[in-house]
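The basis for the numbers below is simple: all heavy atoms, side chains too, and nothing from hydrogens, waters or symmetry mates. Both ligands and their constituent atoms are indexed starting at 1 by order of listing.
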Amino acid sequence: MKEIAIYIHIPFCDHKCIYCDFYSITKTENVDLFIEVLKIEILGNSNYLGNSIITSIFFGGGTPSLLSVSKISEILEMLCNNFNVSRNAEITLETNPGTVNFQKLKDFKKAGINRLSIGVQSFNDNELKFLTRIHDKQLAIETIKNASDAGFENINLDLIFNLPRQTREIWELNIKTAIELPITHISTYSLILEKGTILNKLVMDGRVKLNEEDFDASLYELTIDFLSKNNFDQYEVSNFCKSGFECLHNLAYWQHKNYIGFGPSAHSFYENKRWWNFSGVKQYINRIKASGNAICSEEILSSRQLLDEYVMLALRSKGLELLNLENKFGKQWLNNNRSYINELIKNKFIIEKENFINFTPKGYLLCDEILLKFK
Ligand code: SF4
């Protein structure tokens, strides 16, 4: 049976954070109808799910933890009753401090959620205010401790670095605070200025000043160094974990495995085909009601596109397994790039070991530029 990963987009948020360009809305009056329609969409994909074993389910958003436990249970039960969900499936819920208390976390655990991804972003109250998050440092710490007490043994934190006015000391204190908590995984991203966000307007109007690129790179370097010294291994450009706690769902994306996304704006990938849904909740609901799907567009990837994506995703994460590459795509890529690879090895940007090539920490720093030069 083929392995498959499932992503479920829950588009509701308490409010819109100033930096966020994920598709989310703050009106929750359509929640019941949304869940009904979501179930129709999932059941309508039995051609993909029917012959597969589901190895991970990821509730992302938006803020899925805003939903009641019974709604999340309803979706999980429907999946388990109709499809083959692996007994060891990783089932993640994106959770925001301020939307869950100890009892709700305990109930999510009982409902089958076995991994939490907590949107902390910072442990500095000024930064949290700037980001317009609904929580403060104390609530973030309390939520993580509650999650652990509720029985969660696999907890990710999302953290953002290079915020305006952030110093090295503030960032170092953020990651130091994180590793002292009962967590297994850290996803950390540099602040990205997305068009259409309030933050973008503030920067354009000159009311917020961003840091220099060199400072961004120095914080990233500090992060890699600090986390690796504290037993958080880097297994992707932005992801670090304790041994054995890689996110299986993200690995499915990065290892080019099949995944199906449900809900507004969700993306899917199956063999050589990629497709994605309409973003608006109303449009999503109307489309599903009318035709059973809300596909906005799709593309068939050529073998060259598949090869380029495979190489890029593998190198950005756990490394490129050369034998696997050859079995899938032949020897051409390696022959074309052998001298460039040797140069990268000589300059300590990548290492080649036991049939794998991987970025070194120095290579991760420049990975986008390096990847562009492969032929
Ligand atoms: S809670 Fe997350 S998804 Fe919702 S607006 Fe804020 S950053 Fe975006």
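- Ligand-side atoms of ligand 1 in range of Y19: 7 (S), range being under 4.0 angstrom from any heavy atom.
- Stacking of K137 on the aromatic ring of F123 is not recorded, the 6.0 Å distance cut-off and the 45° axial limit not both being met.
- Closest to atom 8 (Fe) of ligand 1, if we only count protein heavy atoms, is C20 SG, 2.3 Å.
- For residue H15, no N/O/S atom approaches atom 6 (Fe) of ligand 1 to within less than 2.8 Å.
- Checking R133, Q121, K16 against atom 7 (S) of ligand 1, the nearest heavy atom belongs to R133.
- In terms of protein heavy-atom proximity, atom 3 (S) of ligand 1 is closest to G62 N, 3.4 Å.
- Aromatic ring centres of W275 and Y48 lie closer together than 6.0 Å.
- Salt bridge absent: D125 and K129 never bring a charged side-chain N and a carboxylate O closer than 4.0 Å.
- Ring pair F12/F34 is perpendicular by interplanar angle, where above 60° counts as perpendicular and below 30° as parallel.
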Derivation of the side-chain contact (heavy atoms from CB on, under 4.5 Å) call for N258 and I260: CA-CA 7 Å; N258 294 325; I260 308 289; over 6 Å; no

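- Residue contacts with ligand 1 do not include G119, since none of its heavy atoms lies under 4.0 Å from the ligand.
- Of the protein's non-hydrogen atoms, the one nearest atom 5 (S) of ligand 1 is C17 N, 3.4 Å.
- For T63, every heavy-atom contact with ligand 1 shorter than 4.0 Å involves the side chain, none the backbone.
- A tilted orientation is assigned to the rings of H9 and Y7, their planes being inclined by 30° to 60°.
- Ring orientation note: the planes of Y340 and F374 are nearly perpendicular, at an angle over 60° on the 30°/60° scale.
- Closest heavy-atom approach to atom 1 (S) of ligand 1 within the set I25, N96, L131: this belongs to N96.
- Under the 4.0 Å criterion applied to side-chain N and carboxylate O atoms, E180 and K176 are assigned as salt-bridge partners.
- Within the 4.0 Å heavy-atom shell around ligand 1 one does not find E94.
- Residue contacts with ligand 1, taken as heavy atom pairs separated by less than 4.0 Å, involve C13 solely via side-chain atoms from C-beta onward.
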